[in-house]
Amino acid sequence: MSERLERGLSKLRSQIDPKVKSFFSSCVHCGICAESCLFFTETRDPRYTPIYKTEPLRKVWQQEYTFWGKLASKLGIAAPIAEQDLADWEELVYDGCSMCGRCSMVCPMGIDIAQIIFKVKTGLSAAGFSPPDLAETTQRAVDIGSPMGVKLPALQAQIGHIEEEINLKIPVDVEGSEYMALLSSMEIMYFPEYISALAKIFHQAGVSWTLCSDAFEATNSGLQIGNTEVAGVLVERIVAGAEKLKVKNVISPECGHAYTAIRWEGPNFIGRPYSFKVVHILELLDELLQSGRLKTTGKESSRLTFHDPCSIVRRGGVETQPRHILNAIAENAVEMTEHGAMNWCCGGGGGVSGNERAEPLKLKVFNRKKSQLEELDVETIVTSCSNCRLVIEDGLEANDMEINIVGLTEMLADHLVVDNSQ
Amino acid sequence: MATFIDGFLWYFALAVFVIGVSGNLVTIILASRKVDLSVPRDSAFSGALRTLFSRFLPDQHMLSRIGIQVVAGYMFHLGLFILLFFAAPHVAFLEENILGFGWTAAPHWLFIVASQFAFLGIIMLWLYRMTNSVSRLISKLDDHVATILTFLVMLSGCLALLESFETLRLLHRFLVELLLIYFPFSRLMHAFTFVPSRLFTGAWFGRRGVDS
């Protein structure tokens with residue numbers, strides 16, 4: 001057995017817990033999960049059936065934890081798991097799964113298939129079977145602190161431009177602030193308007209906030225590639241930054257997987273609870289609106305819809321807040337037929353958008369979102385994840401669709417009551 | 001042969017079934033699990049309970065695409081449930097040999113309807129498994145063995161009841177014993193493990209505030 005295969009198998013074995021045993025022993029192979037997965041519905045390729053993507057881990061469970069599997073292995077009639085088995089699944093789990101978790105919502109047995117697919121990723125990643133692009137961004141995140149290579153000077157330059165433009169100070173490294181805001185590299189480089197929106201909103205609401213020069217990056221490539229050790233290292237940096245600045249709360253940005261990483265998985269990655277609270281930016285904005293600390297004026301009149309980012313809504317529970325915010329600033333918002341916790345993914349989550357070889361597949365499965373949008377005939381899509389936003393922009397462009405796309409935080413900032421006394 | 005089937009093999013099969021099923025469940029339920037260190041948004045307990053029951057119903061938007069599995073699945077399971085617990089010979093058998101008390105058996109017409117539902121359901125499910133590209137790809141030998149064994153148990157049971165023929169009764173009982181022995185080591189365990197699976201997943205979603 002090769003050393004990389006041993007690494008992969010060892011990691012997979014370590015993932016088999018009571019949950020996994022329960023999941024695998026209750027699966028009746030009905031195939032219902034296939035119809036919930038956009039990679040299957042848009043390609044009709046049965047290999048993209050969610051439960052099929054868990055085969056490497058199922059094989060380990062079957063061969064090493066079940067009576068028949070152990071017997072067959074003892075008698076030498078079961079083919080041992082080979083390196084090729086792992087190699088064959090790399091494309092399925094990294095290119096053909098956006099970790100949207102829709103399958104986990106429909107399984108009649110209640111199997112959280114997305115959770116098992118993540119466990120498969122940890123095994124493949126340990127064995128070195130992961131897309132080169134993701135491996136590179138993960139390494140960059142560890143070495144530089146950002147998957148896109150965004151260093152502090154780049155952020156400082158953006159902050160300089162924004163401060164000049166909006167005439168407000170963006171606080172950095174202010175000890176004792178109530179909130180420490182995190183950003184994603186995409187927001188820094190492609191959507192700096194998110195940062196200016198934060199500054200405007202927090203200024204009006206009188207929120208004490210800061211960015212941290214040591215820990216501004218919220219994205220977590222370790223989570224995307226399935227390397228929990230790296231994921232832990234990246235979370236630790238944020239924890240260290242928050243503890244150094246003695247903040248009470250950390251704000252997760254409009255980035256789906258970043259929210260999963262810092263809010264839900266972070267404490268488990270590092271093996272201890274936080275000394276601060278983590279809130280998603282939409283939770284905070286909703287709270288500020290509800291409490292009257294934010295005042296808005298005027299409403300968007302264009303026909304628009306909200307795209308629910310999977311990691312924030314289906315896997316994160318932030319479903320009502322964006323709707324509250326949108327209702328405060330839009331008068332013609334309509335819902336997609338399947339929305340909220342059952343919304344369809346844009347197709348680029350789980351690292352798919354950062355994996356160049358998956359580009360054609362990503363565009364193909366975007367057809368599901370395209371159909372949803374065509375059904376509504378909207379002028380604008382509002383979302384709250386910079387990754388979804390980029391993926392949808394690509395999809396719209398590839399399909400010659402003339403629809404605007406904006407971030408919800410920015411849209412809210414555009415409707416703030418202007419304080420002329422400032 | 002009759003003494004063996006009605007005697008030793010019955011007790012052996014029952015022991016394997018009880019010990020095997022409870023052993024599997026103990027491994028799943030009582031084994032140590034990692035504690036989730038994130039701060040919950042909502043109750044894991046209520047989420048677990050909600051999912052335990054909500055998954056009896058399919059997602060309404062998917063119904064048109066999974067209609068066969070849902071309809072055939074319900075036909076088979078409801079039919080089998082009535083046959084298993086309300087067929088007159090089963091009620092009498094459970095009262096005399098295991099429980100010491102009984103209940104009203106289903107009338108003959110209900111037995112006929114239930115058996116037709118169960119047969120039609122299991123045949124539809126198996127045909128779907130064999131003809132649908134997804135089901136064919138993901139199905140294992142175990143799925144087929146479990147289906148065929150269950151089908152034979154049902155068939156022999158119905159024939160035994162309708163024909164009142166001792167050899168058929170013995171054949172039915174022998175097949176039941178084979179099923180009981182096979183049960184804990186097979187996909188048939190889903191009859192029990194669907195409960196912890198739904199509870200685990202429901203709790204996971206529940207603490208995140210997601211209605212699953």
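All values derive from a computational prediction rather than experimental measurement. Note on naming: letters A, B, ... go to the chains in the order of the sequence lines (proteins, then strands), and numbering restarts at 1 for each one.
- Put simply, of A:V318, A:T337, A:V28, the one with the most heavy-atom pairs under 4.5 Å next to chain B is A:V28.
- Using a 4.5 Å cut-off between heavy atoms, B:D211 touches chain A through its backbone atoms (N, CA, C, O) alone.
- Surrounding CH2 of A:W61 are more than 12 heavy atoms belonging to other residues, nucleotides or ligands, all under 6.0 Å away.
- Crowding of A:F67 atom CZ: a count of heavy atoms from other residues, nucleotides or ligands under 6.0 Å exceeding 12.
- Residue contact with chain A, scored on non-hydrogen atoms closer than 4.5 Å, involves the backbone of B:V35 exclusively.
- Heavy atoms closer than 4.5 Å to chain A are found nowhere in B:F192, neither backbone nor side chain.
- Your options are A:P273, A:S104, A:G69, A:A34, and the one with the most heavy-atom pairs under 4.5 Å with chain B is A:S104.
- Of the two parts of B:P196, the backbone and the side chain both hold a non-hydrogen atom closer than 4.5 Å to a non-hydrogen atom of chain A.
- In this structure, chain B has a heavy atom under 4.5 Å from the backbone of A:F24, while its side chain stays farther away.
- Neither the backbone nor the side chain of B:P184 comes within less than 4.5 Å of any heavy atom in chain A.
- Neither the backbone nor the side chain of A:Q62 comes within contact range of chain B; no heavy atoms are under 4.5 Å apart.
- Across B:R41, B:K140, B:R198, B:R136, the residue that shares the most heavy-atom pairs under 4.5 angstrom with chain A is B:R41.
- The contact between A:S25 and chain B is made by backbone and side chain atoms together, counting heavy-atom distances below 4.5 Å.
- Residue B:F205 touches chain A through its side chain alone, counting heavy-atom pairs closer than 4.5 Å.
- Only the side chain of B:I66 comes within contact range of chain A, with at least one heavy atom under 4.5 Å from a heavy atom of that chain.
- Contacts with chain A were tallied for B:S38, B:S139, B:G73, B:P40; B:S38 has the most, counting heavy-atom pairs under 4.5 Å.
- The closest side-chain heavy-atom distance from A:S36 to B:M62 is below 4.5 Å.
- Both the backbone and the side chain of B:R207 come within contact range of chain A, judged by heavy atoms closer than 4.5 Å.
- For B:D36, the parts lying under 4.5 angstrom from a heavy atom of chain A are both the backbone and the side chain.
- Ranking A:G31, A:G340, A:G266, A:P108 against chain B, the residue ahead of the rest is A:P108, based on heavy-atom pairs under 4.5 Å.
- Proximity of a side-chain donor or acceptor of A:W68 to a complementary backbone N or O of B:S186 within less than 3.5 Å is not detected.
- For A:I32, the parts lying under 4.5 angstrom from a heavy atom of chain B are both the backbone and the side chain.
- Open room surrounds CZ on B:F174; 12 or fewer heavy atoms of other groups in view lie less than 6.0 Å from it.
- Between chain B and the options A:K277, A:K21, A:R263, heavy-atom pairs under 4.5 Å are most frequent for A:R263.
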Inset, instruction - Report the C-alpha separation of A:K19 and B:K34 in whole Å, then their side-chain angles, then the decisive distance to 0.1 Å, and conclude whether the side-chain contact (heavy atoms from CB on, under 4.5 Å) test is met. - result: CA-CA 10 Å; A:K19 259 192 195 185; B:K34 280 183 196 163; over 6 Å; no
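- Using modelled atom types, one side-chain atom of B:R65 and one backbone atom of A:E35 make a donor-acceptor pair closer than 3.5 Å.
- Surrounding CZ of B:F45 are at most 12 heavy atoms belonging to other residues, nucleotides or ligands under 6.0 Å away.
- Heavy-atom contacts from other residues, nucleotides or ligands closer than 6.0 Å to CZ of B:F117 number 12 or fewer.
- The shortest side-chain heavy-atom distance between A:Y52 and B:L137 falls under the 4.5 Å cut-off.
- For the pair B:S197 (side chain) and A:S22 (backbone), a donor-acceptor distance under 3.5 Å is present.
- From A:I111, atom CD1 reaches atom OG1 of B:T193 across 8.0 Å, with rounding to the nearest 0.5 Å.
- Remark: the backbone N or O of B:V210 is not paired with any side-chain donor or acceptor of A:R315 at under 3.5 angstrom.
- By the neighbour-count criterion of 12 heavy atoms within 6.0 Å, atom CD1 of B:I68 is sparsely surrounded, having that number or fewer from other residues, nucleotides or ligands.
- Among A:R47, A:E265, A:M105, A:E55, the residue making the largest number of heavy-atom pairs under 4.5 Å with chain B is A:M105.
- Residues B:R55 and A:M109 are not in side-chain contact: their nearest non-hydrogen atoms beyond the backbone lie 4.5 Å or more apart.
- Counting heavy-atom pairs under 4.5 Å between each of B:Y128, B:F194, B:F185 and chain A puts B:F185 at the top.
- Salt bridge absent: B:R208 and A:E319 never bring a charged side-chain N and a carboxylate O closer than 4.0 Å.
- Side-chain N or O atoms of B:T201 include one that pairs as donor or acceptor with a backbone N or O of A:G110 at under 3.5 Å.
- Of the possible donor and acceptor atoms, one in the side chain of A:N268 sits under 3.5 Å from a partner among the backbone N and O of B:L37.
- A:C27 is not listed as a side-chain neighbour of B:H190, based on a closest heavy-atom distance of 4.5 Å or more.
- Enclosure of atom CZ in B:F12 is not indicated, since only 12 or fewer non-hydrogen atoms of other residues, nucleotides or ligands lie within 6.0 angstrom.
- Going from atom SG of A:C30 over to atom CZ of B:R129 covers 8.0 Å, rounded to the nearest 0.5 Å.
- Using bins of under 30°, 30° to 60° and over 60° for the plane-to-plane angle, the ring pair B:F200/A:F23 lands in the perpendicular bin.
- Of the two parts of B:S133, the backbone and the side chain both hold a non-hydrogen atom closer than 4.5 Å to a non-hydrogen atom of chain A.
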